[in-house]
Trainee: 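Got a structure for you, written out below as structure tokens; questions coming shortly.
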Amino acid sequence: MAGVKITETVFRDAHQSLIATRMRTEDMLPIAEKMDKVGFHSLEVWGGATFDSCLRFLREDPWERLRALRKAFKNTKLQMLLRGQNLLGYKHYPDDVVEEFIKKSIENGIDIIRIFDALNDTRNIQKSIEATKKYGGHAQGAISYTVSPVHNIDYYVELALEMEKMGSDSICIKDMSGILTPYVAEKLVKEIKNKISVPLQVHSHFTSGIANQTYMKAIEAGADIVDTAMSPLGMGTSQPATESMIASLESSPYYPDNIDFDLLMDVSDYFKNLRKKYEKDGLIKEKLLNVDVRTLRYQVPGGMLSNLASQLESQGAIDKFDEVLEEVPKVREDLGFPPLVTPMSQMVGTQAVFNVVLGERYKMIPKEVKNYVKGLYGKPAVEIKEEIRQLIIGNDDIITCRPADLLEPELDKLKENIKEFIEQDEDVLTYAMFPQVALDFFKYRQSYKYKIDYNLLNEEDKVYPV
Ligand code: CO
């Protein structure tokens, strides 16, 4: 059998997990030529939170980044993470926006699109899979992994089969919280591999300290590809370390083909130095590097733990942290056991904070939670109990169709809105994702002199130089 393949995540998930997605393009390009020759199956470089972070914090055009990376990586496939009908934003987009976004992603250099839905509602990934294939990309259907009374092996096998039938070129088990344990992974991979004929990839996080062992069992059980991150930005809430994972496979039939380990060590040195720079900037938070076993109990992904802490800090209620953590699984159960991944992790987290801080459950309910209960995000794996539904939306109607069927095309309208700022076709998509942030960015772009940290300003101070 051929060795396992490696997807390197240092340019997407690793820095999203450890340094709040702050890695700059200028820090990626100098090492590209070497990385391109290591022999990775693919590099995850785009999507997830990188798009938002580029615009909001780094003042970079995410499309420029993609084009620069494409130019730099002549041999290695480039991969992105896409939230199905939510694309890279936090709401459902109409089909015309989804199709255009995917077309442009592929045109600008993406080869593989990993597509997931937070509820595993396949109606929410259908359009993205279709569009990816239409424009010549590789569509990877991703299962959002969680544990609940209904999320068992049979459920995931069915889901994988359905994704394959929908046209997925490969399937990914996406364990964003690092809760997939080794022997469950072994069984899960075996069962899925028995049923599907496309490659199977495993994506986990080191958060709870078990992902190395999980990968080993998954690989032995037949996983074709695993996701790892260069060690200076690996482990903690990030992926298992690339160098260590590859070394662990030595003298086995699983050792990856065509990996240049010496070159990999050079690449590792580069990131060691880069890490020092981000450490100096105060971006590497100690608590994200430690093993956190709470994730096994609460299923809270690493990023969500730190979000919860900062939400509570800002409300002067950090002493309620443990209580909120206990509340998270209860809210999750109330809401039909959604996997805790964007945007569900934010909804469940915020609701848990409200429930605890206000001293009464569901006294205050975010609009997103109401819309979710109304079915506007799709169908939860378990029907929401009548009493909880009543508490959250009263007698409001619940929709049962594919949520995006209710959305009118809006590309033309969006173009019209920003016509004075358009410098490239992609700008309308940037605007569709994050309207306010995009406008701020476009204005900034028109005047490159404006270099101060925009986000530190008060609203009324946000004036633009002419
Ligand atoms: Co991840």
Side-chain angles (χ1 to χ4, degrees), residues 6-23 40-53 78-84 86-88 90 110 112-120 125 140-147 156 170-181 185 188 200-212 214-215 218 223 225-231 233-242 245 285 288-289 291-292 295-296 298-307 338-346 348-349:
I6 303 288
T7 292
E8 169 59 50
T9 68
V10 71
F11 291 154
R12 205 287 295 175
D13 205 347
H15 75 108
Q16 181 171 330
S17 299
L18 289 184
I19 54 169
T21 335
R22 295 300 205 276
M23 199 189 291
F40 294 122
H41 161 71
S42 67
L43 287 162
E44 194 193 38
V45 298
W46 213 62
T50 62
F51 196 94
D52 190 356
S53 176
L78 299 184
Q79 185 166 329
M80 73 173 288
L81 179 68
L82 189 86
R83 302 194 264 271
N86 290 351
L87 298 173
L88 302 179
Y90 303 104
I110 289 293
I112 302 170
I113 307 189
R114 175 177 293 168
I115 305 163
F116 77 97
D117 176 63
L119 299 177
N120 289 316
I125 62 169
Q140 179 173 77
I143 293 167
S144 304
Y145 181 78
T146 189
V147 177
Y156 290 122
S170 60
I171 303 289
C172 174
I173 301 168
K174 177 178 156 57
D175 171 27
M176 52 279 168
S177 309
I179 55 173
L180 177 59
T181 53
L188 185 58
L200 180 62
Q201 183 153 6
V202 179
H203 171 93
S204 186
H205 286 252
F206 195 77
T207 320
S208 63
I210 58 174
N212 282 350
T214 300
Y215 277 6
I225 316 156
V226 292
D227 284 10
T228 59
M230 294 305 303
S231 64
L233 285 169
M235 300 169 284
T237 53
S238 174
Q239 270 73 59
T242 306
M245 185 47 58
K285 300 271 188 282
L288 298 182
L289 297 174
V291 163
D292 196 332
T295 190
L296 292 171
Y298 304 113
Q299 299 201 23
V300 175
M304 188 177 163
L305 276 177
S306 51
N307 279 347
L340 293 180
V341 65
T342 303
M344 295 316 302
S345 45
Q346 288 83 350
V348 171

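Note that ligands are numbered from 1 as they come in the structure, with each ligand's atoms numbered from 1 the same way. Sequential numbering from 1 along the given sequence is applied to the chain's residues.
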Trainee: In H203, the N, O or S atom nearest to the Co ion (ligand 1) is which?
Mentor: NE2
Trainee: Distance from M230 atom CE to H15 atom NE2, nearest 0.5 Å?
Mentor: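 It comes to 14.5 Å.
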Trainee: side-chain contact (heavy atoms from CB on, under 4.5 Å) with K174: which of L81, L180, D227?
Mentor: L81
Trainee: Under a 3.5 Å distance rule, please check whether Q239 uses its side chain to pair with a backbone N or O of S204 as donor and acceptor.
Mentor: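 Such a contact is found between Q239 side chain and S204 backbone.
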Trainee: Would you mind naming the N, O or S atom of D13 nearest to the Co ion (ligand 1)?
Mentor: OD2
Trainee: Taking all atoms of both residues into account, what is the closest heavy-atom pair of I112 and S42, and its distance?
Mentor: CD1-CB, 4.0 Å
Trainee: If I take every N, O or S atom of D227, is at least one of them less than 2.8 Å from the Co ion (ligand 1)?
Mentor: no
Trainee: Restricting to N, O or S atoms, which atom of H205 is closest to the Co ion (ligand 1)?
Mentor: NE2
